[in-house]
Amino acid sequence: MNIKIRNTLGEITGASIAMIWMWQNLTEVSIMTIESVSKVLAQGIGISIILIIALHIVINILSSIITGKYEKDIDDERDKIYELYALQLSSLIFGISLVITLILLGWFNLTINTGLIAITFSGFIASIVSLFLKIYLYRY
């Protein structure tokens with residue numbers, strides 16, 4: 001398996017685990033204060049970053065042990081184009097979801113706690129979707 005695909009799968013896994021952890025800790029969102037919701041979301045973002053780094057390291061070490069060779073992560077023009085496509089898709093999804101969340105906050109009296117959660121989760125979802133696009137582009 002290509003090193004780009006392995007690292008991308010590690011990022012998807014780390015972000016997904018962090019989202020599941022946040023979702024489980026936000027069960028009582030209607031009675032939680034904004035401070036406690038913000039704390040859970042910030043911890044979830046930190047968990048995501050730490051998991052992604054740890055998964056990159058573990059996956060690359062296991063791959064080197066299994067294959068018996070070290071594979072360098074080399075970027076070329078194609079990789080930069082794929083990154084650009086993924087960034088555009090991620091920005092589009094996050095931008096649309098941000099506008100929708102702000103409309104819901106202003107016109108339909110969505111609570112601040114729910115708005116914070118929606119913005120954070122839309123960022124994670126936009127990132128995951130763009131990572132799947134990168135996997136698709138690397139495969140074909």
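Just so it is clear, the structure is predicted and the values come from calculations on it, not from any experiment.
- Between Phe121 and Met22 the shortest side-chain heavy-atom distance falls below 4.5 Å.
- The structure places CD1 of Ile125 at 12.0 Å from OG of Ser130, a figure rounded to the nearest 0.5 Å.
- Hydrophobic clustering (side-chain heavy atoms under 4.5 Å, transitive across Ile, Leu, Val, Met, Phe, Trp, Tyr) groups Leu104 together with Trp107.
- With hydrogens and angles disregarded, a donor-acceptor distance shorter than 3.5 Å links the side chain of Ser36 to the backbone of Thr33.
- Between Phe94 and Ser97, some side-chain heavy-atom pair lies under the 4.5 Å cut-off.
- A chain of hydrophobic side-chain contacts below 4.5 Å, direct or via other Ile, Leu, Val, Met, Phe, Trp or Tyr residues, connects Ile45 to Ile128.
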Chi angles and distances behind the side-chain contact (heavy atoms from CB on, under 4.5 Å) call for Arg78, Leu137: CA-CA 10 Å; Arg78 181 188 63 151; Leu137 293 173; over 6 Å; no
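- Cluster annotation: Ile66 and Ile5 are assigned to distinct hydrophobic clusters (Ile/Leu/Val/Met/Phe/Trp/Tyr, side-chain heavy-atom contacts under 4.5 Å, transitive).
- Between Asn113 and Ile34 the shortest heavy-atom distance is OD1-CA, 3.4 Å.
- When all heavy atoms of Leu55 and Gly10 are compared, the closest pair comes out as CD1-O, 3.4 Å.
- Under the 4.5 Å side-chain contact rule for hydrophobic residues, Val58 and Ile65 do not share a cluster.
- Interatomic distance, CG of Asn25 versus CG of Leu41, reported as 10.0 Å (0.5 Å rounding).
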Steps toward side-chain contact (heavy atoms from CB on, under 4.5 Å) verdict (Asn60, Asn7): CA-CA 8 Å; Asn60 287 323; Asn7 289 340; 3.4 Å; yes
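- Residue Phe124 qualifies as enclosed at atom CZ: its count of foreign heavy atoms under 6.0 Å is above 12.
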Evaluation steps, side-chain hydrogen bond (donor to acceptor under 3.5 Å, both in side chains), between Thr13 and Ser16: CA-CA 5 Å; Thr13 305; Ser16 299; over 6 Å; no
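- In Phe132, the CZ atom is not crowded: 12 or fewer heavy atoms of neighbouring residues, nucleotides or ligands sit closer than 6.0 Å.
- Closest approach of Ala18 to Gly44, counting heavy atoms only: CB-O, 3.4 Å.
- Rounding to the nearest 0.5 Å gives a distance of 4.0 Å between NZ of Lys4 and CG of Asp79.
- The shortest side-chain heavy-atom distance between Glu11 and His56 falls under the 4.5 Å cut-off.
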Verdict with supporting geometry, Met19 and Trp23, side-chain contact (heavy atoms from CB on, under 4.5 Å): CA-CA 6 Å; Met19 285 178 63; Trp23 188 259; over 6 Å; no
side-chain contact (heavy atoms from CB on, under 4.5 Å) between Tyr138 and Leu133, worked out: CA-CA 9 Å; Tyr138 281 125; Leu133 175 65; over 6 Å; no
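- One finds the CG atom of Leu89 at 10.0 Å from the CG atom of Leu131 (value rounded to the nearest 0.5 Å).
- Of all heavy-atom pairs spanning Ser90 and Ser127, the tightest one is OG-N, 4.0 Å.
- Counting heavy atoms from C-beta outward, Thr8 and Tyr82 have side chains that stay 4.5 Å or more apart.
- In this structure, CG in Leu62 is found 12.0 Å from CD1 in Ile57, a value given to the nearest 0.5 Å.
- Connection of Leu87 to Leu92 is not established within any shared hydrophobic cluster, with ILVMFWY side chains joined at heavy-atom distances below 4.5 Å, either directly or through further cluster members.
- Taken to the nearest 0.5 Å, the CD atom of Gln43 stands 10.5 Å off from the CD1 atom of Ile50.
- Closest approach of Leu105 and Thr111 over heavy atoms only: CD2-O, 3.6 Å.
- Remark: of the listed residues Leu51, Ile53, Ile52, Ile53 is the sole one forming a side-chain contact (heavy atoms from CB on, under 4.5 Å) with Ile49.
- When side chains are defined from C-beta on, Leu116 counts as touching Ser38, because their heavy atoms get closer than 4.5 Å.
- Here the side chains of Ile12 and Ile135 are in contact, with some heavy-atom distance below 4.5 Å.
- Taking every heavy atom of both residues into account, Thr114 and Leu110 meet most closely at CG2-CD1, 3.7 Å.
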